[in-house]
Asks: 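Can you read through this structure? Questions will come right after.
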Amino acid sequence: MLRARVGGGRAIIRMDRVIIVGAGPAGLTAGMLLAENDIPALILEAEASVSDDLRASTFHPPTLDMLKPYGLTEKLIAQGLISPTWQIRMHATGEKALFDLSLIANSTGHPYRLQCEQGKFCRLIVDKFADDDRLEIQFGTTVTDVSQKDEFVELAIERGERQTVEMLTAPYVIGADGAGSIVRESLGLEFEGSTYPETTVLASTTFPFHDYIDGLSNVSYCWSEGGNFALLRLRDFRASTYFVATTFRLMGTPPISRVLESSNRSCVSTRSTSKKPATFR
Ligand SMILES: Cc1cc2nc3c(=O)[nH]c(=O)nc-3n(C[C@H](O)[C@H](O)[C@H](O)COP(=O)(O)OP(=O)(O)OC[C@H]3O[C@@H](n4cnc5c(N)ncnc54)[C@H](O)[C@@H]3O)c2cc1C
């Protein structure tokens, strides 16, 4: 790291590392791959720590294969729920298409989906490099502007609650700052695609759906007349707050409210105990 002065008296810190903006799954994976190839990297993350928000929860066979050389797959499996099948089912009739991943066992070392929250994956990478100088992570650091210069990239950052502004330069910057990327915006890059018009409701509950719906997989995409929902089983999402360790994650469009009505609304809470419903339709 070198320092230089520029007009206006503000220090510019010149970094020799690749700077990655964002410590989500993309930024942390990029940082890990660079570091493992002895290319030092610095991740700048706006939040104070890795997010534990319940977001993506499935690792597919190729991902588990790809992560194995980095020692992450076994650690993920230890924290996750192995799910050899997944299904698409009609909620009203129970008809289903069952996908049995054991059938691709000759093509992958991991013929199953692994239910494991993305926050756990992120934390594994943070821990892996805690004492490894090749990957540095600075939390509480928000990138506010990025500009391409002739021979380097310049970044404006704000640190912590005092929001002191600093300037950094780096030979390369990777934008991994998610859907509202400031890197993309600063560089005037297009973001192609469109947003789904539906709103998705996501809830977690300790309610044991598998005891009430025959033949449910750990990952079940359920279709019903008025819309769809997914029942995604997790191993122990914030288990210490539960009396029942089994946790389901619900995602869906409005019909989910009817599912919850019939299962018992009081179960839809990250801290409630499970109660047996009178019926489940
Ligand atoms: C409620 C919810 C449910 C989801 N469910 C699923 C699912 O079931 N399956 C699935 O595949 N995907 C799911 N996703 C999507 C999945 O979470 C994202 O695809 C994934 O997080 C993208 O990873 P990322 O690293 O690109 O971005 P992010 O995870 O968004 O990480 C970006 C990081 O950059 C940081 N950051 C942003 N701006 C700045 C800045 N200016 N300076 C510094 N840091 C910054 C953010 O704090 C964040 O930590 C879900 C998302 C949400 C919100």
Side-chain angles (χ1 to χ4, degrees), residues 15 18-34 41-64 67 76 80-81 83 86 113-126 136-147 153-161 163-168 170 173-187 189 191 193 195-196 198-204 217-222 228-234 237 247-253 256 270:
M15 307 297 298
V18 174
I19 289 184
I20 299 165
V21 186
L28 285 163
T29 303
M32 176 179 74
L33 294 177
L34 288 170
L42 166 65
I43 299 181
L44 303 176
E45 167 56 48
E47 297 297 329
S49 65
V50 158
S51 171
D52 281 327
D53 287 355
L54 191 51
R55 296 187 181 178
S57 59
T58 287
F59 289 80
H60 293 266
T63 314
L64 295 169
L67 293 173
L76 283 172
L81 190 62
S83 308
W86 62 280
R113 287 172 70 156
L114 183 74
Q115 287 297 99
C116 186
E117 303 90 302
Q118 73 175 51
K120 289 180 177 170
F121 169 71
C122 292
R123 216 164 276 286
L124 281 180
I125 297 182
V126 172
E136 187 185 343
I137 306 174
Q138 294 181 3
F139 289 100
T141 306
T142 304
V143 174
T144 57
D145 192 35
V146 177
S147 53
V153 185
E154 191 174 89
L155 302 94
I157 61 170
E158 289 181 2
R159 285 192 201 274
E161 289 176 359
Q163 298 190 333
T164 52
V165 179
E166 292 175 27
M167 303 297 291
L168 299 181
V173 168
I174 296 176
D177 48 342
S181 170
I182 191 77
V183 175
R184 195 167 47 231
E185 188 187 317
S186 297
L187 298 178
L189 301 175
F191 189 26
T195 304
Y196 287 114
E198 300 91 4
T199 299
T200 297
V201 176
L202 189 154
S204 62
S217 299
N218 289 339
V219 178
S220 299
Y221 300 106
C222 306
N228 310 320
F229 59 93
L231 295 174
L232 308 174
R233 189 174 175 183
L234 296 173
F237 176 59
T247 305
F248 277 92
R249 175 181 176 212
L250 305 172
M251 281 173 54
T253 39
I256 195 65
T270 52

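Numbers here simply count residues along the sequence, with the first being 1. First listed ligand is number 1; within each ligand, the first listed atom is number 1.
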Asks: Short list, please: which atoms of ligand 1 are under 4.0 Å from a heavy atom of Leu44?
Replies: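 Reading through ligand 1 atom by atom, the close ones are 43 (C), 44 (N).
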Asks: Looking at Leu114, Asn218, Leu232, which one forms a side chain to side chain contact (heavy atoms under 4.5 Å, CB included) with Ser83?
Replies: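 So the option named by the test is Asn218.
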Asks: Side chain, backbone, both or neither: which applies to Thr141 and ligand 1 if a contact is any heavy-atom pair less than 4.0 Å apart?
Replies: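 Answer for Thr141: backbone.
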Asks: Which ligand 1 atoms does Ala176 reach within 4.0 Å, using its non-hydrogen atoms?
Replies: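 Ligand 1 atoms under the 4.0 Å threshold to Ala176: 32 (C), 33 (C), 34 (O).
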Asks: For Gln118, counting its heavy atoms only, list the atoms of ligand 1 lying under 4.0 Å from any of them.
Replies: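 Within the 4.0 Å cut-off of Gln118, ligand 1 contributes 16 (C), 17 (O), 20 (C), 21 (O), 29 (O).
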Asks: Which residue from Ala56, Gly27, Ala179, Gly119 reaches closest to atom 10 (C) of ligand 1 through any of its heavy atoms?
Replies: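 That would be Ala56.
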Asks: Gln118 and Ser57: side-chain donor and acceptor closer than 3.5 Å?
Replies: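 Side chains of Gln118 and Ser57: no pair found under 3.5 Å.
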Asks: Do you know which two heavy atoms are closest between Gly27 and Ile43, and how far apart they sit?
Replies: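 Shortest heavy-atom contact: O-CD1, 3.6 Å.
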Asks: For ligand 1, indicate whether the residue Val21 contacts it via side chain, backbone, both or neither (heavy-atom separation under 4.0 Å).
Replies: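 The side chain, only.
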Asks: Relative to the heavy atoms of Gly22, which atoms of ligand 1 are at a distance of less than 4.0 Å?
Replies: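 This gives 33 (C), 34 (O), 35 (C) as the contact atoms.
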Asks: For Glu47, counting its heavy atoms only, list the atoms of ligand 1 lying under 4.0 Å from any of them.
Replies: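 Those of ligand 1 that fall under 4.0 Å from Glu47 are 47 (O).
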Asks: Is Asp177 touching ligand 1 with its side chain, its backbone, both, or neither, if touching means heavy atoms under 4.0 Å apart?
Replies: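 Both backbone and side chain of Asp177 come within 4.0 Å of ligand 1.
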Asks: Which residues pass the salt bridge (Lys or Arg N to Asp or Glu O under 4.0 Å) test with Arg184, sequence neighbours left out?
Replies: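 For Arg184 there are no salt bridge (Lys or Arg N to Asp or Glu O under 4.0 Å) partners, ignoring immediate neighbours.
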Asks: Polar-atom distance check: Leu54 versus ligand 1, any N or O pair below 3.5 Å?
Replies: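 In fact, backbone or side chain, Leu54 has no N or O that close.
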Asks: Could you check Thr164, Thr141, Thr142 and say which one makes a side-chain hydrogen bond (donor to acceptor under 3.5 Å, both in side chains) with Arg159?
Replies: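 Among Thr164, Thr141, Thr142, the one that satisfies the side-chain hydrogen bond (donor to acceptor under 3.5 Å, both in side chains) with Arg159 is Thr141.
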Asks: Without swapping roles, check the side chain of Ser220 against the backbone of Leu231 for a donor-acceptor pair under 3.5 Å.
Replies: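 It does not hold such a pair.
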Asks: Can you find an N/O atom of Glu45 closer than 3.5 Å to an N/O atom of ligand 1?
Replies: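 There is such a contact, yes.
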Asks: Are any of the heavy atoms in Val183 under 4.0 Å away from ligand 1?
Replies: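 Per 4.0 Å heavy-atom rule, Val183 does not contact ligand 1.
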Asks: Taking all non-hydrogen atoms of both residues into account, name the closest pair between Pro25 and Cys122 and its distance.
Replies: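 Looking at all heavy atoms of both residues, the closest pair is N-SG, 3.7 Å.
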Asks: Test your reading of the model: is there a side-chain donor-acceptor pair from Asp177 to the backbone of Val183, 3.5 Å cut-off?
Replies: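 Between the backbone of Val183 and the side chain of Asp177 there is a qualifying donor-acceptor contact (under 3.5 Å).
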Asks: Are any of the N/O atoms on Ile182, whether in the backbone or the side chain, positioned under 3.5 angstrom from an N/O atom of ligand 1?
Replies: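 N/O-N/O distance below 3.5 Å does not exist for this pair.
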Asks: State the CZ-OG1 distance between Arg113 and Thr58, to the nearest 0.5 angstrom.
Replies: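 Nearest 0.5 Å value for the CZ-OG1 distance: 4.0 Å.
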